[in-house]
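Take a look at the structure below.
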Amino acid sequence: MTLETNWNQIYEDAKGWIREAGEEIIASFTTSFAIDTKSNPNDLVTDIDKETEKFFIERIKKIYPSHRIMGEEGFGDQVEDLSGVIWFLDPIDGTMNFVHQQTNFAISIGIYEDGVGKAAFIYDVTKDELYHCSKGTGLYLNNEKLKPLEPVKLSESLLAINATWVTENHRIDPRTFSPLLKKIRGTRSYGSAAIEMAYVAAGRLDGYVSLRLAPWDFAAGKLLIEEAGGVCTTVDNKPINLLDKNTIFVGNETFHSQVQKDYIQPALDQNYYLKTPSTK
Ligand code: 2AM
Ligand code: CA
Ligand code: CA
Ligand code: CA
């Protein structure tokens with residue numbers, strides 16, 4: 001007989017480690033840290049991203065040696081399948097905000113077993129807001145249980161989108177979303193996919209779109225949103241692949257279905273271009 005996985009313990013451990021890591025990150029504000037670039041001059045990484053990732057990996061591996069970790073900074077495992085327990089870890093989501101603003105960044109952790117979401121945590125460190133859920137028990141902001149999402153009118157909705165996707169770019173025809181922006185109440189851009197997804201789950205936003213996210217960016221947000229009754233797909237309305245980069249479109253159920261039907265599908269029908277990040 002195999003030992004039953006103790007999800008309550010994993011949940012409590014993850015919450016404790018996240019708050020501890022958050023304190024370390026805030027302490028780092030008073031010291032100087034090195035800033036490097038990755039794929040391009042605007043793709044930043046700091047020592048704190050790397051140290052925070054190592055902090056989690058050390059603890060997870062010590063207590064749960066059979067679990068695997070897919071982390072952005074590459075100190076975890078080379079994950080190529082979804083078997084067993086996998087922690088999708090983004091130690092700092094919103095590194096550009098961390099560097100420029102020292103706020104509006106988050107720790108994002110989604111835990112899956114055999115591809116099924118089990119627990120999710122998005123911690124807005126400087127606001128001390130921890131969005132969390134375990135599958136089937138509802139969504140929490142710190143100790144407060146949040147209400148499931150309710151239908152919303154398009155004309156009264158808020159969408160998070162980066163201006164990149166409605167100006168000239170290589171991934172999506174800017175004409176895809178621009179008519180929607182005229183219809184809805186407003187747009188926001190926080191610069192942290194995790195915070196934007198947590199806000200959709202909490203009903204502070206009705207939708208969020210991004211054309212290039214990796215598993216550590218969306219694994220936790222997807223679970224939180226689904227737990228709140230929202231929907232998470234690729235921009236062209238396909239299921240998310242947890243092992244690859246994806247385009248992402250998440251929202252309140254009514255917002256998601258209306259935008260798919262009245263804006264995205266018509267754009268695709270007109271052959272407006274849309275490229276998934278994995279195909280480049
Ligand atoms: P990061 O800060 O963890 O890198 C910024 O628009 C949002 O997109 C952040 O959540 C950021 O995550 C994410 N992102 C994903 N790929 C990116 C890239 N190549 N360059 C900048 N931000 C990226
Ligand atoms: Ca990054
Ligand atoms: Ca990220
Ligand atoms: Ca990151």
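We use all heavy atoms of the structure for the numbers below, so side chains are in, but hydrogens, waters and symmetry mates are not. All ligand and atom numbering here is 1-based and tracks the order in the structure. Since the model is a prediction, treat every value here as computed from it, not as a measurement.
- Nearest N/O/S atom of D93 relative to the Ca ion (ligand 3): this is OD1.
- When you scan the N, O or S atoms of D217 for the one nearest the Ca ion (ligand 3), you land on OD1.
- Side-chain polar atoms of Y64 and D13 form a donor-acceptor pair below 3.5 angstrom.
- Rounded to 10°, the angle formed at the Ca ion (ligand 4) by D90 OD1 and E72 OE1 is 100°.
- Judged by the 6.0 Å distance and 45° axis criteria, R59 is not positioned over the aromatic ring of F56.
- Relative ring orientation between F105 and F98 is described as perpendicular, the plane-to-plane angle rising above 60° on a 0-90° scale split at 30° and 60°.
- A perpendicular orientation is assigned to the rings of Y190 and Y199, their planes being inclined by more than 60° (bins at 30° and 60°).
- Among the atoms of I92, an N, O or S atom is found under 3.0 Å from the Ca ion (ligand 4).
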